Each structure stands twice: as C-alpha cells, then as structure tokens.
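Scroll down for the structure; my scribbles are underneath it.
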Number of protein chains: 2
Amino acid sequence: MKHIKLRNMEEFATASGISRPTLSKYFNDPDSVRPSTRARIEAALKTYDYRPNMFAVNQNRKLTKNVGIVVPYLADPFFAEIARNIEERCIEAGFHPSLFSAHGKADLENDILNNLRAMKPAGVLLAPLGRRSSDRKTIEDFCRDVPTILFDSNIEGVGEAFIGSDNASFVNQTVDYLHRTGDAPCFFEMAEPANPNAIRRRDAYLAKMGALGLEPHVLSVAGSGWAFEEIGRQGALRLLAKDALPTRTVLCSNDRLAIGFLAACFEKGVRVGHGPGFDLRVASHDDHPYARFTCPPLTTAAHDYDAVSRLAVETLLKLIQSDGSLGGRFERLVPARLILRASA
Amino acid sequence: MKHIKLRNMEEFATASGISRPTLSKYFNDPDSVRPSTRARIEAALKTYDYRPNMFAVNQNRKLTKNVGIVVPYLADPFFAEIARNIEERCIEAGFHPSLFSAHGKADLENDILNNLRAMKPAGVLLAPLGRRSSDRKTIEDFCRDVPTILFDSNIEGVGEAFIGSDNASFVNQTVDYLHRTGDAPCFFEMAEPANPNAIRRRDAYLAKMGALGLEPHVLSVAGSGWAFEEIGRQGALRLLAKDALPTRTVLCSNDRLAIGFLAACFEKGVRVGHGPGFDLRVASHDDHPYARFTCPPLTTAAHDYDAVSRLAVETLLKLIQSDGSLGGRFERLVPARLILRASA
DNA sequence: ACAGAAGTTTTACGCGCGGAAACTATTGAC
DNA sequence: GTCAATAGTTTCCGCGCGTAAAACTTCTGT
C-alpha cells in the first residue's frame, strides 16, 4: 500500500501522528522509543513510503553509519572473496559498506582515502597496497583522522589494528608436508613482490628449512605488477628451459604464481603430481578460488577467509564503539589450513 | 603549506577574500568563473586545506555526481574486470562511482537498488541478475525513478539503454571455426542458467547448426547458482563416465564452465587439444581472465571489455546530459573476437 | 570614453535532519 | 490516588551549502 511518497520527516510526522523528534530518535535507534510507539511508526511506514534523506542525516550526525572497505586489487578473486565476506558482515551489523579497489595503483589508493575522508566513515577496513615507504605518510595521516583497521597486509604501527594471515603457519605446513612425504621444496617467488606477505613467506621458508637442517633454494623470477599468473608462467618456462630447478619439489609463494607455473608445466609436458610417474610436485599458498580447478588440482595452504573477515569486522565494531581507539594496537594472525590435492 | 584546516566554505571565503557564492560556483564548475579569480581560488586552496562537505553539497544539488555500478557477482573475474574498467571511466568523467555486488542474491540486489535510491545518483549502470520475472518489478520501478542503463544482461524494455555482447557473434564465430577446422561441436551448458545470455547462446548455437545443415546436440547439465566451474566439472565427469559425448568437439556456454570441463578431462586423462594425438577439442566463450592459463589454454570468443565499458559509460553520460531520457531505448550489441589457443 | 555584457558581492532563504530545552502526557510502583 | 520516572511534544536553532535577486564592479568592443 505504499502509495503516497513523503518528501521529508515533517510530512511523515503529520501523516503518522507522531512528532518529528520522536521519529528522529526512532530512525537513529528503533529501540530508543516505547514498543507501542515503535509499532505505530512501523505501521505508518507500511502505509506511507518514507525513508530519511541520507545526506541530511549524515550532515548532522557526528558519526555516520558508513564504513569503507579498501582492497588493493579487486580483480584478484582472493580480494573479491574476502571483500564479499566483509561486506556482508558489515551489512548485518547495520552499517553501510562502500567498497573500493585501488586497482593496483598507489595514486588511486591515495585518492580513495581522500574521498573516504569526505564520507566521514565510522571506520575503515583497509588492505593496503604493499609498497615502499614513500607513500606510507598518506596512510598514516588517514589513520590519524579515521578509525582504521588494516587487514591482509600489515604496515607496522599504522592503524588501530591488523588482522591477517599467519604467513609462517602457511609456509611451515606446506614445507613440513612436502618434506615429510618426499623432498623439501625450493621456493618460487617474484623478485619484486607487490605485497609484504610475500617477503614474510620467503623468510618463513628460509627459517623453516634452517630448522629442518636443509639447504634452502629460492627462485626469484622477474616481473612486477599484478599479473601474477603470467609472471609465474614466464618464470617457470625460463627455468624449465634451462633445466634450472634445484629440486623436484616446488613451493610457490602464492596460488596465482602457481597457476602460471602449472600452465608452463603443462605446456612443456612436465607431469606434475605426487608419486611414481610424475616429474614434479608443486604446492602453494592461499587456496585461491581456482586452485581446485588447476591441472592437476593444487595442494595449498588455505586462508581462513571466514575467520579473517569475522575478526576484522568484529575488531572494527569494537573500535567504533570505543570511540576510535582500542588502547594499543591490536594484532591477530590467523593460521592456515593445509589442503591436499593432486599437485603434491 | 596546508596548515589551517577550514571548517566550511564561509571560513574559506573570508580567508581567501572571495565571496562564498563565487566559491560555490567554482566548486560546481571551475570554468564558470573568470580565469583570474579561478587562479586566486586555486592559489588559496594551496594555502588552506578546504574541501566542500559532500553531504551538504548533495543535499542541495538537484543532481549529484554519484553514479552507481551494480553487478550480479563480483567474485567472478569477468565482472570484476568490467567493473574496474567502468569505474575508471566514470572517475575520468568527473563522477563518483560506487560499486555494488548482489553476490548472486536477488534480495540483496533489491536492497542495493533501494539504498542506491537514497544516494540520488545521477545515473546507474546495472548488470542485473538474470532471473525470473517475479523480481522484474523492483528493477522496473527503480529504472522509472533513476536514470539507468543495463549492461551485460538485458531485460526487455527496462532501463533507458542496454549495452551488451552480441551472443550470436560469439557462437557463430566459435562454431564456424570448429566446423571449418574439424567437426562441428556439441553445446555444453547449465540446465538452469543464471543468466539470459546463456539462453541466447544456446539459441544461437541451434540456429547456426541449422544454417550449416548439421544436427545440433545440446548437453544440459544439472546445477544452479554461481559455482560454474564445479558444475562444469561434475557435469563433465558424468558425461565422460558414461561416454556420453555425442561429438569429439565440445563448445561450452562460457569459460567458467569450460574451466571445470577441462579440469574433469585432465582428471580422467582425456587429452584436450587440436590435431593428432588428442581426444577432444574444447572451446568456449568470454575470454575469462584465466582462460589463457587453463590446461590446455582455452580457445574462446572474447568480450570486447573495452568497447562494452566505454559504450556503457558514454551512453550513461549522454543520458545524464539529456536529463534522464534518450528518447527511446537504445541498444547496442558488441561483437566478439575469436581467440585461438591450444584447446581447440 | 562609454554602453553593454559579464562577473562578483551582498543578502537572504531553503534543503532535511539532529539535537537541546522546556513542557506535557503516559507509565508503573507504592 | 499520589508521585516520580519515563516517553513524547513543541519550539527552536544549527549544520554546510545551493541558489536566487539585486546592486555593484570589472571587463569587452567600438
């Protein structure tokens, strides 16, 4: 029966027979009015079509219900998936998430943060581009003005909290498994990783190999940017052509590199798998949405998407409730779960 | 030197020595003021840190600079890629795009449209979920209130325009190529496609086979939702187990199904490729970002991402300039480009 | 130099809502 | 039934900016 469209709260007040300040209270918090009047209001809402003007609301409210979600590269299914997860949790909590992608570009990330400032968000969840310290200041300034929680990729000391994956857990599990069931792996990575997690994974690999008393082999392939699959493929093709793999077991820094690596193996007729009749074992990290559809399916260490997104949103809500400060920087690293498939 | 932060335009007016209405004009259109005063304003902007409050601006402006971009499923790299493309073009044109994903859920799409209404966007680019007519009304109502352009997936008569891909062009090219270089294909698809494009592709396949005087074979596999790869894989496994493929050439409705199909072939030792020594040729449509990394790389008909996004944004800008109506529904279908890779 | 055009300032109002203050009505326990 | 606490009403102001009107100033072309 939503026929008459009302233009403002005043009209809705006269139409519903309830004073405007009471309506204002109701829209800010439906529980702040008596149940009987709440029922009257909600009955009126079904008869008349009225919604508060969000611009007028946000102009006057000290704290909006907006939250910003910023990811470095949305065309990467990993970020698409985690952003989806976070977005849904924010909606559940009664907030209005806005999703932004830096598309791999630092200056776009800066623009996003500046525009986000104008939205006066209650809080921001930011997965920064991993990059040199030259741009660190922009993010630092932003975090000083807006309650921000970093996720996925950490910047030491910046933001009120960091929620991420425990790269050591990822690498320890994969190296352990590969070593236990055959040979310890060499480590395949990009020479100039776009992301600090890659550096932590290499460090974890070196540490783990040291702990096992084994000699590490790091293969750093050239390439920059976000076209990881192609970089992995080209790197693998070069290594295979030169027969330069130091071991018959390869651990890739991440699944997107591994997807390219496997494509190169297929191209060159290298049989990837575990057991007799196979030339090479390949494992990786992330459990990328397509990792189960590679040929062969990829053995990998899986992110706990659910836990990371849940913790990130929970921490953000806590941060918002405690008025923008948690009293000390909170950090939480979520461990990985090993996924065994045919590639290793 | 951006030291003093000014709280509103009034303060900036006194600080810069320029009247507030003139500043207002400047921020709405920098070219609407005399070059000399424009220079004075921009000089002042470098001394003082001031940006108009976007909520106050949008409350009073009849037409905001917001544009909404709505896609059905952002975790699908196809939509991630086209959304990225569209977003960047909108920014270039001086608008503020907001990206939303329905995450495959019809009720979420409805919520998004309702929230979008509150943002009073100048225009909206909507790639609707393909679904039954029961929800058509929500979209129709929305399009009546907000200047909207549909893309990717059409709904007859809804919105001011539709920009999409020419499914017939996709299918004609792949069928032609397969037929010319070997055998005509059977058609592999989902029985209950999430998207009307799938139906058009099947129809195009039937028509093309008819035109070639050949008998068509449509293989519809069970499954619904957006996990296309798994649906394709399961369907392929069943068909291979029963040896039920009517031809040695398979044309998949889209690349995500094909990715699953290829995974199943690999699993079962079916050698996919073109020429002697291969069991099966597989081709598809879309040129999904991962199509070049499948094993073997996928022969497919590529979307012209660039043309679709460019046309969509151009049409939207035209629509906004002409005050919300183009005087008749505009439709434009972009042809495909055949990409030959090893799978067929 | 001067009329006319174009740009600028002054003044004033409005947008739709948040929120404070003072007052009135309702509630529930004694 | 009284009274205090709670909830609602009335009235008013402020938020930051768009925008209109009128007066004023500066810029054009001749």
Side-chain angles (χ1 to χ4, degrees), chain A residues 4-45 48-66 94 96 115 117-122, chain B residues 4-45 48-66 94 96 115 117-122:
Chain A
I4 312 112
K5 305 229 171 188
L6 302 177
R7 296 176 55 256
N8 56 39
M9 205 183 276
E10 200 68 53
E11 292 189 8
F12 183 57
T14 59
S16 64
I18 293 176
S19 72
R20 195 179 64 73
T22 303
L23 290 175
S24 179
K25 277 191 69 180
Y26 167 81
F27 284 114
N28 282 333
D29 178 10
D31 287 321
S32 66
V33 300
R34 200 181 302 158
S36 61
T37 59
R38 173 171 178 172
R40 287 172 59 203
I41 294 174
E42 284 169 355
L45 276 176
Y48 305 98
D49 188 14
Y50 169 72
R51 301 184 51 164
N53 179 309
M54 69 163 274
F55 297 111
V57 170
N58 288 332
Q59 177 177 25
N60 296 312
R61 232 202 284 272
K62 43 206 85 177
L63 193 71
T64 72
K65 282 283 191 177
N66 299 330
H96 297 292
N115 287 328
R117 250 196 189 93
M119 293 183 57
K120 296 182 181 171
Chain B
I4 312 114
K5 303 227 172 192
L6 301 178
R7 298 175 54 257
N8 56 40
M9 204 183 276
E10 200 69 53
E11 292 189 7
F12 183 58
T14 60
S16 64
I18 293 177
S19 72
R20 196 178 63 74
T22 303
L23 290 175
S24 179
K25 276 192 69 180
Y26 167 81
F27 285 114
N28 283 331
D29 178 10
D31 286 322
S32 66
V33 301
R34 199 181 301 158
S36 61
T37 60
R38 175 173 178 173
R40 286 172 59 203
I41 294 174
E42 285 169 354
L45 276 176
Y48 305 98
D49 188 11
Y50 169 73
R51 300 184 52 166
N53 179 307
M54 70 164 272
F55 298 112
V57 170
N58 287 332
Q59 178 178 25
N60 296 312
R61 231 203 283 271
K62 44 205 89 176
L63 193 71
T64 73
K65 282 284 192 176
N66 299 328
H96 297 291
N115 287 329
R117 250 198 189 89
M119 294 181 57
K120 295 181 183 173

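In what follows, chains carry the letters A, B, and so on, assigned in the order in which the sequence lines appear, proteins first and then strands, with residues in each chain numbered from 1. Every value quoted in this text rests on a predicted model; they were computed, and no experiment measured them.
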Using whole Å, report how far CZ of B/F55 lies from P of C/dC15.
21 Å
Rounded to the Å, how far apart are B/F12 CZ and D/dC17 C1'?
15 Å
Find the distance A/M9:CE to C/dC15:C1' and express it as a whole number of Å.
14 Å
Is there a donor and acceptor pair, one atom on the side chain of B/R38 and one on the base of C/dG7, closer than 3.5 Å?
no
Please check the phosphate of C/dG19 (OP1 and OP2 only) for any side-chain N or O of A/N28 closer than 4.0 Å.
yes
To the nearest Å, how far apart are B/N53 CG and D/dC17 P?
6 Å
Output the rounded distance in Å from CZ (B/R20) to P (D/dC15).
13 Å
Which heavy atom of B/A13 sits nearest to which heavy atom of B/R20, and what is that distance?
CB-N, 3.9 Å
Pair A/Y50, A/E11: side-chain N/O donor-acceptor within cut-off below 3.5 Å
no
Starting at CG of A/L23 and ending at P of C/dC17, how long is that distance when rounded to a whole Å?
10 Å
Check this one for me: any side-chain N or O of B/S19 less than 4.0 Å away from OP1 or OP2 of C/dT10?
no
Check whether any side-chain N or O of A/T22 sits under 4.0 Å from OP1 or OP2 of D/dT9, and answer yes or no.
yes
